[in-house]
Number of protein chains: 2
Amino acid sequence: MDSEAIKKCLEGSGLRCTPQRYAVMAFLIEHRGHPTAAEIFEGVNRVDPGCSRATTYNNLRDLVEAGLVREVAVEGRAARFDAKGTRHHHFICDRCGNVEDVEWYDVPGPASKSLGKRILRQSEVIFRGLCAKCAPRYATGSAGL
Amino acid sequence: MDSEAIKKCLEGSGLRCTPQRYAVMAFLIEHRGHPTAAEIFEGVNRVDPGCSRATTYNNLRDLVEAGLVREVAVEGRAARFDAKGTRHHHFICDRCGNVEDVEWYDVPGPASKSLGKRILRQSEVIFRGLCAKCAPRYATGSAGL
DNA sequence: TAATACTTTAGATTAAATCTAATCTGAGGC
DNA sequence: GCCTCAGATTAGATTTAATCTAAAGTATTA
Ligand SMILES: [Mn+2]
Ligand SMILES: [Mn+2]
Ligand SMILES: [Zn+2]
Ligand SMILES: [Zn+2]
């Protein structure tokens, strides 16, 4: 995605394209490994030392609210962020906490009676287990190390 | 679930049935609304003022590791806990963050090719949207208030 | 009983995220 | 071009959630 496209994308969602906001969005598009806010701050701040922590967090909030970025909460760890590209599900590693993309497929919704008066916006599947890096260490005891 | 059953349940998972651990488990069984650790601490501590914060957190961790309790991470809020009874999915409210149970149904797994070398332990569906309490306020603008 | 492993405790500490209030910027009106 | 002001940014303080520490207590086993 080129810089003009990122600008369009921000403005299309009613967000001003400030240098800091652009940098946060560009970082997320370039780093698809679900970085934490702290990692994003560090990455953006290294390039533009004048981008503060508060601004990074503010912009992440704005981007999530605008629907351009997804926030993934992980038990016992910092939240991770994900520029929404193509739809996909997530695999979360029990051991290292890494979040990985899983090819999207349609999820059957709940029975409307079990949904009641709730308004459904989205269904997503979270897969859990061991990532490719962590699996061997367990599958073969600790011999894999 | 009576006190003897809770004791069995703990010991069956290799956990000593201490008064504090029992109290945490009993609280979760009695309060099915997905309380936070702080709420559990407060509830348990009110009955047994000698149960400390660290012990509440330690025991929650032990219970989660033993597979008796589920931890639910919610974006931007404290984690919530859930004594595992019958299998179910979760609905998380965009507005108030409440976690509600949704009747369980089988989820089709991902294509094995998109799973790769990962080891899958569990698939769960997270539904998102507005809970029954929050839905009216939005469905009708703010007139619902 | 003695040894050992497990558990609890109060309070300190860390980590994540948010808040504050002063300052800065730029799009739109003149 | 200048003005204005809503929106954006900043450094640092603060809050909140969770974990750590080290000492003391309690159960299990030898
Ligand atoms: Mn993703
Ligand atoms: Mn539940
Ligand atoms: Zn892993
Ligand atoms: Zn709600």
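All chains are named by letter (A, B, ...) in the order of the sequence lines, taking the proteins before the strands, and each is independently numbered beginning at 1. Fair warning: this is a prediction, and the values are worked out from it, not measured in the lab. Because only heavy atoms are used, hydrogens play no part in the values below, and waters and symmetry mates are left out as well, while side chains stay in.
Atom P of nucleotide dA8(D) and atom CG of D48(A) are separated by 17 Å, given to the nearest angstrom. Rounded to whole Å, atom P of dC20(D) lies 15 Å from atom CZ of R53(B). What separates CD of E11(A) from C1' of dA27(C) is a distance of 11 Å, to the nearest Å. Rounding to whole angstrom units, CD of residue E75(A) and P of dA16(C) are separated by 16 Å. Rounded to an integer number of Å, the gap from I40(B) CD1 to dA18(D) C1' is 13 Å. Distance, L10(A) CG to dG26(C) P: 15 Å, rounded to whole Å. In this structure, the CD atom of E71(A) is 13 Å from the C1' atom of dT18(C), given to the nearest Å. Between the CD atom of E39(A) and the P atom of dA16(C) there is a distance of 10 Å, given to the nearest Å.
A distance of 7.0 Å separates CD of Q20(B) from CG of N59(B), quoted to the nearest 0.5 Å. Remark: K8(A) NZ to L10(A) CG distance equals 11.5 Å, nearest 0.5 Å. Once rounded to the nearest 0.5 Å, the distance linking CG of N98(A) with CG of L130(A) reads 12.0 Å.
When distances run from any side-chain atom of A54(B) to the nucleotides dC19(C), dC20(D), dT19(D), the shortest one goes to dC20(D).
Residues from residues 55-70 of chain B placing a heavy atom under 4.0 Å of any atom in DNA chain C, listed by number, are T55(B), N58(B), N59(B). Applying a 4.0 Å cut-off to non-hydrogen atoms, the residues of residues 14-38 of chain B that approach DNA chain C are R16(B), T18(B), Q20(B), R21(B), listed by residue number.
Here ring-ring contact (aromatic ring centres under 6.0 Å, His included) pairs that include residues 40-86 of chain A, with residues two or more places apart or in two chains, number zero.
No side-chain donor-acceptor contact under 3.5 Å links R77(A) to the backbone of V74(A).
Because its NZ or CZ atom is not both nearer than 6.0 Å to the ring centre of F91(B) and within 45° of the ring axis, R128(B) does not count as a cation-pi partner of that residue.
Counted by atom type alone, D101(A) and H89(A) present zero donor-acceptor pairs between their side chains at under 3.5 Å.
Applying the side chain to side chain contact (heavy atoms under 4.5 Å, CB included) test between P110(B) and each of P108(B), S112(B), S114(B) identifies S114(B) as the sole match. The side chain to side chain donor-acceptor pair (under 3.5 Å) test with H34(A) is passed by exactly one of E100(A), H90(A), R70(A): H90(A).
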